[in-house]
Engineer: 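The following block contains the structure, expressed as structure tokens.
The sequence lines fix the lettering, A, B, ..., with proteins before strands; numbering per chain opens at 1.
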Amino acid sequence: MDLQTSINGIFDNILEREQIFVNKEVLRHSYTPLELPHRKIEIHKLAFILAPALKNETPSNILIYGKSGTGKTIVSKFICKELEKTGKKKKKPIQTIYLNCEITDTKYRVLANLAKHFKKEIPFTGWPTDKVYASFLKAVDNKKRSIVILLDEIDKLVQKDEGDILYNLTRINDDLKKARISIIGISNNLKFTDYLDARVQSSLGGEDIVFSPYNAQQLEDILKQRSEIAFQQGVVGEFVIPLCAALAARDHGDARKALDLLRVSGELAEREGSDKITEEHVRKANDKIESDTVLEASRTLPTQSKLVLYTIICLDERGGRTITTGEVYDTYKKLCKYARIDSLTQRRVSDLILELDMLGILSSKVVSKGRYGRTKEIKLDINQVQTKILLSNALKTRNISNFKLPQRKLH
DNA sequence: AATCCACAGGAAGCCCGGGAAC
DNA sequence: GTTCCCGGGCTTCCTGTGGATT
């Protein structure tokens with residue numbers, strides 16, 4: 001009976017306890033606030049460059065640089081929205097398209113995705129790329145209009161050697177009779193133009209805008225602005241926002257990180273049933289975010305990468321010398337044999353280690369040991385105990401937790 | 001100064017699954 | 001069905017290299 005009554009009101013109880021947040025969505029990165037603090041100059045510059053679109057002229061292509069969490073995406077999206085709005089008011093058809101090149105990461109997909117915005121369905125794969133291009137061209141050019149294409153994380157395309165799509169896109173106006181296309185490229189990498197074709201470089205980089213990282217004070221302003229909408233009055237402790245700002249500023253002024261910190265701190269406080277967010281919550285949130293991202297990354301790793309990571313953790317536990325590629329490969333091969341899984345070549349494993357590095361799970365550094373060759377020195381950046389348990393669970397059909405490291409060879 | 005280790009990491013090409021077109 | 005494309009994972013083969021040792 002007692003149990004019944006307490007369960008009956010379970011959601012009421014939870015809702016009653018929600019004394020921290022008013023609107024949590026405000027703290028997510030996808031949320032666009034009405035005002036973007038400390039980005040006035042950039043907004044004006046962008047607007048100035050894009051304004052010709054409203055006078056039936058083609059705006060210059062633009063390149064936007066800046067590290068992650070400096071507001072590049074949000075500012076560009078904001079401006080595009082405004083541009084469309086004004087275009088509608090003035091009866092000038094302007095369409096803006098947002099594409100993230102980390103997801104849409106090949107020329108085929110970029111073109112297919114663009115074509116989709118003009119009601120042209122193109123299969124995931126199958127067509128020759130030039131056919132997709134032609135089909136996109138036809139769909140766009142069926143009436144007079146201005147189009148602004150926002151290519152986020154454009155450096156990913158170049159990295160994957162798909163940069164020639166940029167050449168096509170920057171020259172597309174030559175093939176168009178009615179429509180006009182401008183491109184805004186957004187890049188995290190300041191030096192990515194170095195890898196571009198000189199012709200693309202000149203036409204894409206007509207205008208450059210650099211977003212510098214926020215400093216701690218600016219981050220504080222951003223957090224203050226959002227926290228006023230996000231939280232109940234008086235729940236945010238005095239030093240909470242400065243601490244979030246300081247922690248994020250240390251991480252190259254990443255506003256996303258600052259917002260995450262604040263949100264997770266709030267969630268932790270809420271879960272504890274506390275009615276105030278304290279600095280302690282922020283510290284806990286900082287740890288939680290770090291371990292969550294790493295664990296999540298490890299969980300979604302393909303089997304072979306899991307095996308490689310497991311090998312490295314085992315070697316690291318044994319301690320002693322620094323870990324090198326050759327050592328990892330030897331042990332990995334034994335582990336594979338033990339688990340009855342086909343092993344990959346050293347070349348491939350070397351790439352897998354690099355991938356783990358890029359995920360922030362480990363850091364590897366190429367060092368030369370003189371007579372004893374050149375190799376990568378590998379250092380783990382994660383909570384090994386948790387990750388090891390997670391990995392052996394994920395691979396439990398192979399029973400790898402019983403795997404014993406072979407005796408260390410004497411050098 | 002020459003040698004040589006133990007790899008790094010580029011290039012090319014294979015194989016496979018997914019899909020379209022004929 | 002066959003034949004064509006695309007992309008991703010992988011192998012094979014390869015050339016390159018920093019610096020301790022000879």
Side-chain angles (χ1 to χ4, degrees), chain A residues 99-116 119-139 153 155-169 194-197 297-298 300-312 315 320-337 339-359 361-379 394-395 406 408-411:
Chain A
L99 269 189
N100 188 326
C101 304
E102 182 161 30
I103 302 154
T104 316
D105 60 349
T106 65
K107 45 189 175 237
Y108 188 96
R109 285 183 197 150
V110 169
L111 287 169
N113 202 321
L114 287 175
K116 212 163 118 195
K119 310 267 186 302
K120 199 87 183 178
E121 285 302 326
I122 286 169
F124 297 105
T125 167
W127 287 13
T129 311
D130 46 343
K131 187 175 170 186
V132 183
Y133 178 78
S135 146
F136 164 61
L137 208 66
K138 209 174 139 204
E153 314 213 31
D155 41 331
K156 291 280 155 38
L157 281 180
V158 183
Q159 246 174 50
K160 292 196 72 191
D161 208 24
E162 299 278 345
D164 43 339
I165 178 70
L166 298 178
Y167 179 71
N168 290 335
L169 283 179
D194 294 358
Y195 309 106
L196 277 180
D197 191 294
S298 319
T300 52
L301 245 30
T303 309
Q304 291 291 354
S305 302
K306 281 192 182 121
L307 284 167
V308 172
L309 180 56
Y310 191 83
T311 307
I312 295 171
L315 285 171
R321 283 199 311 267
T322 45
I323 306 169
T324 64
T325 310
E327 211 178 345
V328 171
Y329 187 65
D330 283 347
T331 318
Y332 156 83
K333 250 185 20 196
K334 289 186 180 119
L335 177 64
C336 282
K337 205 172 165 196
R340 296 195 195 144
I341 296 174
D342 289 340
S343 58
L344 304 174
T345 55
Q346 180 156 348
R347 179 71 189 80
R348 182 68 189 135
V349 169
S350 167
D351 275 347
L352 291 183
I353 293 172
L354 226 58
E355 278 169 29
L356 291 173
D357 186 336
M358 286 199 291
L359 286 170
I361 292 174
L362 50 80
S363 33
S364 66
K365 192 171 88 193
V366 179
V367 288
S368 176
K369 292 178 185 281
R371 192 71 204 241
Y372 303 110
R374 255 152 76 84
T375 182
K376 276 202 277 271
E377 269 183 2
I378 299 160
K379 215 177 98 249
L395 298 165
R408 181 184 299 178
K409 267 182 283 176
L410 294 169
H411 214 64

Engineer: For the pair made of CG in Leu111(A) and C1' in dC5(C), what is the distance, rounded to whole Å?
Structural biologist: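 Distance check: Leu111(A) CG to dC5(C) C1' gives 15 Å.
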
Engineer: In terms of side-chain heavy atoms of Leu344(A), which of dT11(C), dG9(B), dG7(C) is nearest?
Structural biologist: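 From the listed options, dT11(C) comes nearest.
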
Engineer: Can you check whether Lys107(A) has a side-chain N or O nearer than 4.0 Å to OP1 or OP2 of dC6(C)?
Structural biologist: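 No, outside the criterion.
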
Engineer: How far does CD1 of Ile312(A) sit from CD1 of Ile323(A), to the nearest 0.5 angstrom?
Structural biologist: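 Spacing of CD1 (Ile312(A)) from CD1 (Ile323(A)) equals 6.5 Å.
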
Engineer: What pairs of residues pass the salt bridge (Lys or Arg N to Asp or Glu O under 4.0 Å) test when at least one of them lies in residues 363-373 of chain A, not counting sequence neighbours?
Structural biologist: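 Residue pairs passing salt bridge (Lys or Arg N to Asp or Glu O under 4.0 Å), neighbours aside: Lys369(A)-Glu377(A).
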
Engineer: The side chain of Tyr108(A) lies closest to which of these nucleotides: dT12(C), dC6(C), dA20(B)?
Structural biologist: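 Within the option list, the nearest is dC6(C).
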
Engineer: Is Ser350(A) close enough to dA8(B) that one of its side-chain N or O atoms is under 4.0 Å from OP1 or OP2 there?
Structural biologist: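 For dA8(B), OP1 or OP2 has a side-chain N or O of Ser350(A) closer than 4.0 Å.
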
Engineer: Sugar-phosphate means primed atoms, P, OP1 and OP2; the rest is base. With that split, encode nucleotides 15-22 of chain C 5' to 3' as B, S or - using protein heavy atoms under 4.0 Å.
Structural biologist: -BBBBBBS

Engineer: What distance do Lys107(A) atom NZ and Leu169(A) atom CG have between them, rounded to the nearest 0.5 Å?
Structural biologist: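 Lys107(A) atom NZ to Leu169(A) atom CG measures 11.5 Å (nearest 0.5 Å).
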
Engineer: Any donor-acceptor pair under 3.5 Å linking the side chain of Gln304(A) with the backbone of Asp342(A)?
Structural biologist: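 Checked: pair present.
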
Engineer: Is there side-chain contact between Thr322(A) and Val367(A), with heavy atoms separated by less than 4.5 Å?
Structural biologist: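 Answer no - side chains too far apart.
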
Engineer: Do you know which two heavy atoms are closest between Ile378(A) and Ser364(A), and how far apart they sit?
Structural biologist: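 Reported closest heavy-atom pair: CG1-CB, 4.2 Å.
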
Engineer: So, does the side chain of Arg347(A) form a donor-acceptor pair with the base of dG9(B) at under 3.5 Å?
Structural biologist: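 Present.
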
Engineer: Kindly calculate the angle separating the two end axes of the helix from dA1(B)-dT22(C) to dC22(B)-dG1(C), each obtained from five base pairs, and round it to 10 degrees.
Structural biologist: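 Inter-axis angle at the termini of the helix from dA1(B)-dT22(C) to dC22(B)-dG1(C): 20°.
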
Engineer: Please give, in whole Å, the distance from dT12(C) P to Arg348(A) CZ?
Structural biologist: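 Atom CZ in Arg348(A) sits about 14 Å away from atom P in dT12(C).
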
Engineer: When rounded to the nearest 0.5 angstrom, what is the spacing between CG in Leu307(A) and NZ in Lys333(A)?
Structural biologist: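 Reported value, rounded in 0.5 Å steps: 14.5 Å.
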
Engineer: Below the 4.0 Å mark, does dA8(B) have OP1 or OP2 next to a side-chain nitrogen or oxygen of Thr325(A)?
Structural biologist: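 For Thr325(A), the contact criterion (side-chain N or O under 4.0 Å from OP1 or OP2 of dA8(B)) is met.
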
Engineer: Can you see if the side chain of Trp127(A) gets near the phosphate of dA21(B) - specifically, an N or O under 4.0 Å from OP1 or OP2?
Structural biologist: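 Affirmative; the distance criterion is met.
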
Engineer: By the 4.0 Å heavy-atom rule, please label Lys365(A) as base, sugar-phosphate, or nothing.
Structural biologist: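 No contact.
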
Engineer: Can you figure out which of dG10(B), dC7(B), dC10(C) approaches the side chain of Gln304(A) most closely?
Structural biologist: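 Ranking dG10(B), dC7(B), dC10(C) by closest atom to the Gln304(A) side chain puts dC10(C) first.
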
Engineer: For a quick test of reading the model, state the closest non-hydrogen atom pair linking Ser343(A) to Tyr332(A) and the distance between them.
Structural biologist: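 In terms of heavy atoms, the two residues are closest at CA-OH, 3.5 Å.
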
Engineer: Minimum heavy-atom separation for Leu344(A) and Tyr329(A), please, with both atom names.
Structural biologist: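 Heavy atoms of Leu344(A) and Tyr329(A) come nearest at O-OH, 2.7 Å.
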
